[in-house]
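Below is one structure, written out as structure tokens; comments come after it.
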Protein chains: 2
Amino acid sequence: MKTRTRHDPAGQDQDATPGTRERIVRAASVLMQRQGYDGTGIKQISQEAGATLGSVYHFFPGGKQELAVAAVRRGDEEFAGILREILDGEPGPAEAVVAVTRSLAEGLRASDWLDGCPVTATALGTAGRLPDIQRAASSAFAGWEGIVAEMLRAAGIAEEEAADLAGMVVCTLEGAELSAQVSRDERPLLVAGEQLARLIALSLRGGLPAGS
Amino acid sequence: MKTRTRHDPAGQDQDATPGTRERIVRAASVLMQRQGYDGTGIKQISQEAGATLGSVYHFFPGGKQELAVAAVRRGDEEFAGILREILDGEPGPAEAVVAVTRSLAEGLRASDWLDGCPVTATALGTAGRLPDIQRAASSAFAGWEGIVAEMLRAAGIAEEEAADLAGMVVCTLEGAELSAQVSRDERPLLVAGEQLARLIALSLRGGLPAGS
DNA sequence: GTCTATAGGATGATAGAC
DNA sequence: GTCTATCATCCTATAGAC
């Protein structure tokens with residue numbers, strides 16, 4: 001699926017000396033995550049990537065829009081990987097969700113509250129205007145939900161309830177990271193983690209259906 | 001606090017024939033909500049408001065940045081009003097939160113998924129770059145949390161737990177609205193409403209502390 | 001307070017040499 | 001594939017007449 005112009009002996013995408021296209025996508029992902037679609041210039045991306053403007057348009061003939069879609073997909077895959085990694089390392093779903101919030105809080109603090117969700121800023125500024133970007137973002141959310149839902153089902157929660165809970169988890173993580181970033185305070189994320197854990201524990205015990 | 005150039009007999013800010021400054025702030029709020037800070041031009045704002053560029057800089061000598069702060073504050077007040085109105089009309093906090101999600105879903109659908117949270121897009125695109133806007137957005141979130149916390153305390157939830165729950169509610173609403181807008185589907189909001197209601201019901205019964 | 005005109009710079013995108 | 005030069009357009013902000 002990915003066009004590699006350089007021979008890759010290991011057959012994997014390592015970080016070592018990434019190709020030009022790869023550097024452009026990475027730079028676009030980081031910059032648009034921080035500044036949004038309209039706030040990020042192609043010239044800025046090319047400089048940050050150590051490439052020229054010509055190279056950008058060589059790899060992305062569709063221009064800024066095509067590049068933004070690639071950047072969102074990249075952010076999608078990155079967070080999906082982190083999510084899977086954390087979830088696999090925790091004993092249960094409640095602990096796993098708390099661990100994710102802690103990881104997000106660390107990432108925010110380490111970047112001085114600059115690096116939030118890798119798709120939100122790009123998607124939000126282009127909401128009813130650039131459908132390709134919107135679709136890529138929507139697909140990212142759906143994928144993350146699927147990962148969380150799988151974990152919940154593996155823990156014994158019924159199919160339908162797991163899907164609802166997973167949606168709730170992803171939405172809350174999204175909102176809590178946003179709130180933490182804007183207020184430059186990790187508390188929203190930590191509180192969200194605790195409350196989500198409470199909710200998951202409740203479902204694990206099969207208690208208190210929604211209507212009561 | 002507000003400079004009114006026109007005589008206002010009722011002593012209130014009615015919608016009838018709003019002054020130029022008011023029209024500019026409204027247009028800026030709507031446009032930045034949809035397109036973000038960098039995606040919205042001052043010229044576009046002035047046209048939408050039926051004002052000239054000179055008028056915009058007359059009322060907002062600080063330029064785009066000052067105007068964006070006013071727009072975010074306006075969005076803050078508007079949603080705070082809606083929130084208070086809905087919360088007052090519901091019998092309990094669980095029903096109230098569900099009613100809010102339904103209202104948000106209706107607003108999204110009615111605008112063809114264009115009008116999401118009135119502060120998120122503006123704040124997110126300017127995150128570590130324009131502190132004044134960030135502070136206005138942070139203050140908005142804090143205010144909404146306060147409104148929700150007051151409702152929860154009035155329902156008998158202890159001070160500290162009410163604060164945490166209110167933070168959770170606002171974060172989840174934020175994330176669910178974002179998710180619903182991006183996926184053009186109201187389900188994230190409705191699921192979030194149900195799950196938040198479950199969580200609130202749990203707190204009302206004093207059950208299942210976070211650590212268990 | 002309202003309006004027009006314009007300065008000064010940045011933007012997305014293209015052309016074409018190498 | 002890489003690079004530079006350039007076009008046409010847009011932007012924020014200002015100046016100054018009315």
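In what follows, every chain begins at residue 1, and chains take the letters A, B, ... in the order their sequences are listed.
Here C/dT11 presents its P atom at 12 Å from CE of A/Met32, a figure rounded to the nearest Å. Atoms CD1 (A/Ile42) and P (C/dA10) sit 17 Å apart, rounded to a whole Å. Separating the NZ atom of B/Lys64 from the C1' atom of C/dA10 is a distance of 12 Å, rounded to the nearest angstrom. We find that CD of B/Gln35 is positioned 14 Å from C1' of D/dC10, with the value rounded to whole Å. A straight line from CD of A/Gln65 to C1' of C/dT11 spans 16 Å, rounded to a whole angstrom. Across the protein-nucleic acid pair, A/Lys43 atom NZ and D/dT9 atom P stand 17 Å apart, rounded to whole Å. In this structure, B/Arg21 places its CZ atom 14 Å from C1' of C/dG1, rounding to the nearest Å. If you take CD1 of A/Ile24 and C1' of D/dG1, they are 11 Å apart, rounded to a whole angstrom.
Ion pairing between B/Arg135 and B/Asp132 holds under the 4.0 Å rule for side-chain N and carboxylate O. By the 4.0 Å N-to-carboxylate-O rule, A/Asp164 lies too far from B/Arg187 to be salt-bridged with it. Salt bridge present: A/Glu22 and A/Arg74 bring a charged side-chain N and a carboxylate O closer than 4.0 Å.
Heavy atoms of B/Thr40 sit under 4.0 angstrom from primed sugar atoms or phosphate atoms, though from no base atom.
Each side chain to side chain donor-acceptor pair (under 3.5 Å) pair with one or both residues in residues 86-106 of chain A, not counting sequence neighbours, would appear here, but there are none.
Counting heavy atoms from C-beta outward, B/Pro61 and B/Glu66 have side chains that approach closer than 4.5 Å.
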Pull out every protein N or O sitting under 3.5 Å from an N or O of nucleotides 2-4 of chain C, one pair per line with the distance.
| from | atom 1 | to | atom 2 | distance (Å) |
| --- | --- | --- | --- | --- |
| C/dT2 | OP1 | B/Thr20 | OG1 | 2.9 |
| C/dT2 | OP2 | B/Ser55 | OG | 3.3 |

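When all heavy atoms are compared, the tightest approach of B/Ala162 to B/Leu152 is O-CD1, 3.7 Å.
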